[in-house]
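Throughout, protein chains are lettered first and strands after them, A, B, ... in sequence-line order, and every chain is numbered starting at 1.
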There are 2 protein chains.
Amino acid sequence: MSGWYSGRMAATESAGTARRGLRADALRNRQRIVEAARQIFEEQGLDAPLDEVAERAGVGAGTLYRRFPTREDLVEAAFEDELLRVAAITEEALRREDPWAGFCMLVERLCAAMATDRGLSDLLTVRLPTSQVAATMGERHAQALTQLVRRAQEAGVLREDFVPEDIFLFLMANAGVTQVTRHAAPHAWRRLIAYLLAACRAGHSEPLPAAPTPLQTERALLGHAETKGLRPTGRDGQNKS
Amino acid sequence: MSGWYSGRMAATESAGTARRGLRADALRNRQRIVEAARQIFEEQGLDAPLDEVAERAGVGAGTLYRRFPTREDLVEAAFEDELLRVAAITEEALRREDPWAGFCMLVERLCAAMATDRGLSDLLTVRLPTSQVAATMGERHAQALTQLVRRAQEAGVLREDFVPEDIFLFLMANAGVTQVTRHAAPHAWRRLIAYLLAACRAGHSEPLPAAPTPLQTERALLGHAETKGLRPTGRDGQNKS
DNA sequence: TACCAACCGGACATAATTCTCCGGATTTCA
DNA sequence: TGAAATCCGGAGAATTATGTCCGGTTGGTA
């Protein structure tokens, strides 16, 4: 949103489409498209119709497809800075002195980011490996992640059989919860994570965040069903055959 | 598959479409459609194209839509017996003497059923409240569920702040994991559930099932992305603009 | 200022899915 | 057996999303 294109990255050119040599109006439109995509993806997930992105950006569909030939190109451009921010979480967690606090921080911050951004949620689970950005980011952080886990285990606060891949397991679980509860019980995922962190800890068990009420649960499921593809089916009367 | 239509249910008529008074060929086709739907839904989830159901059933699209005007009608008919089987799990768990074993059995069996049946997974999370069957089944078992939880808590083996709604939380999390890992790491969900059960228990922590290897994790994500909407995009060469 | 290359945008072709219509075939019952 | 009620099935209209094409416009440069 702020400095999504900083000059130092010009060499990397990770977004798949050349940025240099663009005419002024082309560059302007590119920015508007990326910003619109970021919003739409955050609201609707990575499967959102691209025409809607073009509309919000105020450009024609042709402009969008010319600049970003595939959906993946657009996804990469839209989440470039967001992924950097996510990546920074691991390093920030490593800077914490308390190994357990660092570990919890990683899980909680990752899940929190996914809870507020459907696109990011898709990106970190379903689509992770199809994205070039994610690949490089994953490389860059697999090491930090392993380090964070090992440090907590050596401190004796994390169970020995925990493996770094479990983080992804947790992210998938988190995605499953947020996908359904996002609107009616936006904090349900915190309870899931609290359970999982309690299970990771060698011993102990801390009080859980409030559970969603039955009403919240019901509305979570209902609301999500309405949001997804379950429209009134278009049929008005019975067929009189 | 075997006795999905037992005469004693004729009074209930829960499937939304009348079954009595159907001509012989109509009834035959109805059965074939329901069986085909059960298979397709199990393989592809509840959003599978209905034409595919018609094709596998060996009937025309018109026949399918005449018998089941909405997708929900077909879903209900297809999962009628499956839901009864799921419902029986709770009662079976209650018949176990050990409260903790009963509780674990409930969670594990529910999740196992979801892991092998995409349609059931959808039904128990995303679409649960839109289904009439699920509503009645939910009524019937909310009580047994509460009883199972309370029993375990009174025995001192289940943490006091666990609530029956947490079961749904676990199911959503399980759905999130199985959705992604179904093909490449079909047992990843067991590890998640083991974590969650460990967290539920008041104290203790048992060894976890094997974690998915990095290769499995990668293939899980890749395979799932291929299966879902990420086809080759239809474009072959670069656009030469 | 004037020209050309680059770019814009919407109309259009394509594809997938849902749902309907109706001529023709089949079953049932007298 | 024969007629009438019922049902079948595929063609096709409507909808939604994707990706392309081309006439017209704009920005940059001489």
Please check the phosphate of [N] (OP1 and OP2 only) for any side-chain N or O of [X] closer than 4.0 Å.
X        : N      : answer
Asn29(A) : dC8(C) : yes
Arg66(B) : dC7(D) : no
Arg23(B) : dA5(D) : no

Nearest to the side chain of [X], which nucleotide is it out of [options]?
X        : options                  : answer
Arg67(A) : dT28(C), dT18(C), dC8(C) : dC8(C)
Thr63(A) : dG9(C), dT18(C), dG27(D) : dG9(C)
Asp25(B) : dC8(D), dG19(D), dT17(C) : dC8(D)

Flag for Arg118(A)-Gln44(A): side-chain donor and acceptor within less than 3.5 Å: no
Classify the nucleic acid contact of Asp51(B) as base, sugar-phosphate or nothing, counting any heavy atom under 4.0 Å across all strands shown. base
Examine the base of dT18(D) for any acceptor or donor lying under 3.5 Å from a partner atom in the side chain of Arg71(A), and report the outcome as yes or no. no
Could you check whether the side chain of Arg28(A) and the base of dG27(D) have a donor-acceptor pair of N or O atoms closer than 3.5 Å, going by distance alone? no
Distance, rounded to the nearest Å, where [X] contributes [atom1] and [N] contributes [atom2]:
X        : N       : atom1 : atom2 : result
Ile33(B) : dC7(D)  : CD1   : P     : 12 Å
Glu72(B) : dT18(C) : CD    : C1'   : 14 Å
Glu52(A) : dG10(C) : CD    : P     : 16 Å
Asp73(B) : dT18(C) : CG    : P     : 15 Å
Tyr65(A) : dC22(D) : OH    : C1'   : 18 Å
Leu64(B) : dT20(C) : CG    : C1'   : 13 Å
Arg30(B) : dT27(C) : CZ    : P     : 19 Å
Leu22(B) : dC8(D)  : CG    : P     : 8 Å

DNA chain C: Ala48(B) or Ala24(B), which has the more 5' nearest nucleotide? Ala48(B)
Is there a side-chain contact between Thr178(A) and Met172(B) in this structure, where contact means two heavy atoms from C-beta onward sitting under 4.5 Å apart? no
When you compare the side chain of Phe170(A) with that of Asn174(A), does any pair of heavy atoms fall below 4.5 Å? no
From OG1 (Thr181(B)) to CD (Gln179(B)), nearest 0.5 Å: 9.5 Å
Looking at Glu92(B) and Arg109(B), does any basic side-chain N land under 4.0 Å from a carboxylate oxygen? yes
